[in-house]
Amino acid sequence: MNYPDESTYGNKVPTVFNDFIHLSVCWPSPILEADIISTVEFNHTGELLATGDKGGRVVIFQREQESKNQVHRRGEYNVYSTFQSHEPEFDYLKSLEIEEKINKIRWLPQQNAAYFLLSTNDKTVKLWKVSERDKRPEGYNLKDEEGRLRDPATITTLRVPVLRPMDLMVEATPRRVFANAHTYHINSISVNSDYETYMSADDLRINLWNFEITNQSFNIVDIKPANMEELTEVITAAEFHPHHCNTFVYSSSKGTIRLCDMRASALCDRHTKFFEEPEDPSNRSFFSEIISSISDVKFSHSGRYIMTRDYLTVKVWDLNMENRPIETYQVHDYLRSKLCSLYENDCIFDKFECVWNGSDRRHQAFTALLTSVAIPENGKRIAAPTTCCPTAANLTPPLQILLQFECSFSPRCHHDGLLQQLLQDVRPQHQA
């Protein structure tokens with residue numbers, strides 16, 4: 001498998017349009033299945049953008065520095081580093097193949113010159129260190145210039161090693177591997193505000209990890225029933241509070257959100273707060289349970305609000321009001337009349353994400369586009385690896401349309417009215 005580099009991308013680099021990342025021009029044609037982007041994530045400053053793909057690779061882009069001669073190039077990102085994060089594996093005990101696809105990437109706050117990030121596939125979480133090196137040591141006494149050991153009998157003088165300048169090299173090194181803790185597929189990872197722990201969530205359990213301990217984790221949520229036939233819901237997403245290290249939230253396939261406090265008990269099966277919107281009986285249909293499943297949940301930067309994403313809507317919840325959301329955005333309302341077709345081709349089960357912008361003043365309902373999926377007459381999906389707004393895919397009737405998103409908002413984005421503008425621009429296109 002060939003890794004993408006500067007020569008692969010050429011002059012076509014990711015560009016920010018109103019703080020959306022457009023990556024569709026970055027990949028060579030034809031697009032391979034392994035090259036399809038599965039997750040994107042900005043670091044805390046917005047200078048770096050990490051993307052994970054179905055081939056298990058992580059590509060990190062760096063924001064172009066603004067200069068006096070090139071003022072308008074500030075929105076472009078160049079390839080900074082590329083490395084293979086995960087490889088395909090096989091579980092011999094269960095006879096299951098473990099895909100290398102990157103499900104989630106999360107950055108850790110920068111503490112020194114190096115960068116650290118977490119990446120995960122279905123079973124294994126890895127901690128990576130990304131650092132720069134522009135000097136190399138020379139003048140070893142026990143090794144020659146090629147690194148081979150020298151015969152001590154031939155050493156007649158002592159030399160002082162020195163550092164020589166070299167071309168800048170970006171190295172990605174795996175520092176920790178957290179494995180063998182999840183029976184089901186990992187759907188979420190979240191770094192705690194104490195920066196010492198993080199949690200990983202699968203369909204039925206949430207585990208708490210310490211960054212220094214790889215062979216042990218603590219189970220903090222377990223909703224697996226004694227009899228699997230009694231299973232009625234699964235965990236779909238989980239996230240730590242941005243400021244309180246004892247608080248976290250997780251969502252379920254029933255459309256509910258549970259806020260838990262780890263100070264109350266070691267096993268947080270009993271929630272502290274329960275958020276659920278009563279269903280309108282007049283709108284009840286065969287698809288109600290499917291489209292009400294929450295696919296993503298995010299705390300606001302202030303920690304006061306929670307944003308959730310289901311199939312057709314984005315909802316904003318106040319932590320002090322559990323009975324209903326304070327805002328509801330109808331994102332894919334035009335798909336409501338096409339649910340039958342989407343159910344037949346399984347597109348109704350696709351997952352969407354959401355993210356807050358840097359100021360909490362607006363959240364992006366569409367988020368950044370992961371794949372634009374059209375269902376033509378033969379029933380096969382056409383996927384475009386891009387993270388721009390939905391209009392980039394140029395999907396037109398009479399195709400059955402589904403837009404699937406992976407999102408990451410630049411921390412520096414403070415554009416009011418951006419969501420409303422997108423809604424006005426996109427919705428008429430699909431209603432035409």
Side-chain angles (χ1 to χ4, degrees), residues 19 41-48 50 104-112 115-118 120 125 127 187-201 206-213 217-221 235-252 256-275 294 296-309 314-322 325-327 353-364 367 407-414:
D19 292 288
E41 183 75 7
F42 278 105
N43 73 337
H44 292 75
T45 63
E47 293 299 320
L48 297 179
K104 295 291 178 182
I105 293 176
R106 291 293 180 265
W107 290 90
L108 276 68
Q110 187 176 8
Q111 305 293 336
N112 48 41
Y115 301 96
F116 289 86
L117 61 86
L118 289 170
T120 181
V125 183
L127 175 65
N187 55 47
S188 301
I189 53 175
S190 178
V191 179
N192 202 345
S193 59
D194 61 9
Y195 305 136
E196 295 182 0
T197 58
Y198 77 94
M199 69 178 175
S200 56
I206 300 177
N207 293 332
L208 180 67
W209 299 83
N210 188 293
F211 281 111
E212 301 298 326
I213 303 174
S217 64
F218 300 92
N219 181 235
I220 53 178
V221 173
I235 298 171
T236 56
E239 186 176 67
F240 269 119
H241 192 281
H243 306 300
H244 304 309
C245 61
N246 56 281
T247 306
F248 68 94
V249 66
Y250 69 93
S251 58
S252 79
T256 61
I257 311 107
R258 292 172 173 86
L259 183 73
C260 301
D261 191 338
M262 291 189 290
R263 297 173 299 181
S265 63
L267 189 61
C268 300
D269 287 345
R270 295 185 178 180
H271 50 267
T272 303
K273 289 191 175 183
F274 184 78
F275 301 86
I294 295 177
D296 194 23
V297 58
K298 289 289 193 305
F299 273 107
S300 62
H301 298 288
S302 65
R304 172 67 185 274
Y305 304 101
I306 299 174
M307 178 168 55
T308 61
R309 179 72 162 93
V314 169
K315 298 176 181 178
V316 180
W317 302 77
D318 191 321
L319 290 184
N320 297 327
M321 189 168 65
E322 305 173 40
I326 58 174
E327 291 181 357
E353 296 197 350
C354 57
V355 67
W356 294 87
N357 74 345
S359 65
D360 280 352
R361 298 172 64 186
R362 281 282 178 255
H363 46 275
Q364 182 186 353
T367 70
C407 61
S408 187
F409 228 133
S410 171
R412 298 187 177 186
C413 174
H414 306 284

Output for pair (Y250 OH, E239 CD), nearest 0.5 Å, gives 15.5 Å
Taken to the nearest 0.5 Å, the spacing of F275 CZ from M321 CE works out to 9.5 Å
E47 and N43 have their tightest heavy-atom pair at N-OD1, 3.2 Å
Taken to the nearest 0.5 Å, the spacing of H301 NE2 from H243 NE2 works out to 9.5 Å
Query raised in the report: Please walk me through it: do M307 and W356 pass side chain to side chain contact (heavy atoms under 4.5 Å, CB included)?
Result: CA-CA 8 Å; M307 178 168 55; W356 294 87; 3.5 Å; yes
When every non-hydrogen atom of E41 is compared with those of I105, the smallest separation belongs to CG-O, 3.3 Å
Between the SG atom in C260 and the NZ atom in K273, the distance rounded to the nearest 0.5 Å is 12.5 Å
Paired with S217, the side-chain contact (heavy atoms from CB on, under 4.5 Å) test is passed by just one of N207, I206, N210, L208, namely N207
Applying side-chain hydrogen bond (donor to acceptor under 3.5 Å, both in side chains) to T247 and not counting sequence neighbours gives none
For L108 and H44 the tightest heavy-atom approach is C-CE1, 3.8 Å
Interatomic distance, CG@L259 vs NE2@H271, rounded to 0.5 Å, equals 10.0 Å
Heavy atoms of S200 and I189 approach each other most closely as CB-CG2, 4.0 Å
Taking C-beta and beyond as the side chain, do Y198 and L118 meet within less than 4.5 Å on heavy atoms?
-> yes
Problem set entry | Pair N192, T197: side-chain N/O donor-acceptor within cut-off below 3.5 Å | yes
Is there a side-chain contact between I220 and M262 (heavy atoms, below 4.5 Å)? yes
| request: Would you please indicate if the ring centroids of F299 and Y305 are separated by under 6.0 Å? | output: no
Is it the case that the side chain of D296 and the backbone of A237 share a donor-acceptor pair, with hydrogens and angles ignored and the cut-off at 3.5 Å?
no
Residues W107 and V191: closest non-hydrogen pair is O-CG2, 4.3 Å
From the list S193, S190, C245, side-chain contact (heavy atoms from CB on, under 4.5 Å) with F240 holds only for S190
Discussion item. Any heavy-atom pair between the side chains of I257 and T308 that's under 4.5 Å?
Written reply: yes
Here the gap from I306 atom CD1 to E322 atom CD, rounded to the nearest 0.5 Å, amounts to 9.5 Å
Report task. Please tell me if the side chains of V221 and F248 come closer than 4.5 Å, counting only heavy atoms from C-beta onward. Result -> yes
Between T256 and F274, is a side chain to side chain contact (heavy atoms under 4.5 Å, CB included) present by the stated rule, with each step listed? CA-CA 7 Å; T256 61; F274 184 78; 3.4 Å; yes
State, yes or no, whether a side-chain contact exists between R304 and N320 at a heavy-atom distance under 4.5 Å. yes
Scanning both residues in full, the closest heavy-atom pair of T120 with V125 reads OG1-CG2, 3.5 Å
